[in-house]
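Below is one structure, written out as C-alpha cells; the observations come after it.
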Amino acid sequence: MSRRKRYIKGKIYITNDKVLVGGKGKKRRVVSMGNDKNNMAVRRISSLYDKNGNKKQNLIPIEKYPDISKPSGVEVKTFRKTVSGKPIQEKYLSKTKTRLNKWDMKKVGTKSRPKNKG
C-alpha cells in the first residue's frame with residue numbers, strides 16, 4: 001500500500017500579525033486555505049466578539065478546538081503575500097497539531113461574505 005499524501009489545507013498555524021498586516025507583532029492563529037507550502041494562502045482566526053462583547057461582522061464561526069480556547073471565527077479576507085510583498089511560506093509559520101474539520105472547512109471555503117440581516 002502506498003502512503004497517504006499529507007495535505008496542509010485546513011491546518012492551523014501561529015504567526016506574527018506583523019507579517020500579514022503590519023503594526024504590533026501579536027501572535028495570531030491562521031488557517032491554511034491551499035496545499036502549496038511555498039506560496040500559501042491563509043485566513044486569520046479571531047475571537048467572535050470584540051472587547052465590548054458585541055459580535056464581530058465578516059467572521060465565519062467555527063467550532064471550538066483544543067488549540068483555540070474562545071469562541072472564534074475565520075475572517076473573510078485571504079492573505080497571499082506578506083506586508084513586504086513576498087509569498088507566505090510554511091517554514092516561517094509555527095505549526096500546531098490542530099486542523100479544522102471538514103464541516104468547518106466547507107463553511108470557510110464556500111462562504112465569501114456573510115449575509116447581513118436587517
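Index from 1, following the sequence.
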Side-chain ([X]) to main-chain ([Y]) donor-acceptor, under 3.5 angstrom:
{"X": "Arg44", "Y": "Phe79", "answer": "no"}
{"X": "Thr98", "Y": "Thr96", "answer": "no"}
{"X": "Asn16", "Y": "Lys18", "answer": "no"}
{"X": "Tyr65", "Y": "Asn101", "answer": "yes"}
{"X": "Lys107", "Y": "Pro61", "answer": "yes"}
{"X": "Asp104", "Y": "Glu63", "answer": "yes"}
{"X": "Asp17", "Y": "Arg28", "answer": "no"}

*side chain to side chain contact (heavy atoms under 4.5 Å, CB included) between Val30 and Leu20, worked out*: CA-CA 10 Å; Val30 294; Leu20 300 175; 3.9 Å; yes
*Decide side chain to side chain contact (heavy atoms under 4.5 Å, CB included) for Tyr13 and Ser32; before the verdict, give the C-alpha distance in whole Å, the side-chain angles of both, and the deciding distance to 0.1 Å.*
CA-CA 8 Å; Tyr13 297 93; Ser32 171; 3.9 Å; yes
*Nearest heavy-atom pair of Ser47 and Leu59: which atoms, and what distance?*
O-CD1, 3.3 Å
Charged N to carboxylate O below 4.0 Å: is that the case for [X] and [Y]?
{"X": "Arg43", "Y": "Glu75", "value": "no"}
{"X": "Asp50", "Y": "Lys55", "value": "no"}
{"X": "Asp67", "Y": "Arg29", "value": "yes"}

_Test side chain to side chain contact (heavy atoms under 4.5 Å, CB included) applied to Thr15 and Val42, Thr82, Leu93, the passing residue_ = Leu93
*Going through the checks in order, is the side chain to side chain contact (heavy atoms under 4.5 Å, CB included) test met by Val108 and Ile62?*
CA-CA 8 Å; Val108 170; Ile62 57 173; 4.2 Å; yes
*asked:* Just verifying a value: how many Å separate Ile12 CD1 and Ser72 OG, rounded to the nearest 0.5 Å?
replied: 9.0 Å
*Please assess Glu90 against Asn38 for the test side chain to side chain contact (heavy atoms under 4.5 Å, CB included), listing each intermediate value before the final yes or no.*
CA-CA 6 Å; Glu90 186 192 37; Asn38 294 322; over 6 Å; no
Side-chain heavy atoms of [X] within contact of [Y], under 4.5 Å:
{"X": "Pro71", "Y": "Leu48", "value": "yes"}
{"X": "Trp103", "Y": "Met105", "value": "no"}
{"X": "Ile45", "Y": "Val31", "value": "yes"}
{"X": "Met40", "Y": "Ile8", "value": "yes"}
{"X": "Arg80", "Y": "Pro87", "value": "no"}

*Determine whether Met33 and Ile68 fall in the same hydrophobic cluster, where Ile, Leu, Val, Met, Phe, Trp and Tyr are linked whenever their side-chain heavy atoms lie under 4.5 Å apart.*
yes
*State yes or no: do Val21 and Ile88 share one hydrophobic cluster built from I, L, V, M, F, W and Y residues joined by side-chain heavy-atom distances below 4.5 Å, directly or via other members?*
yes
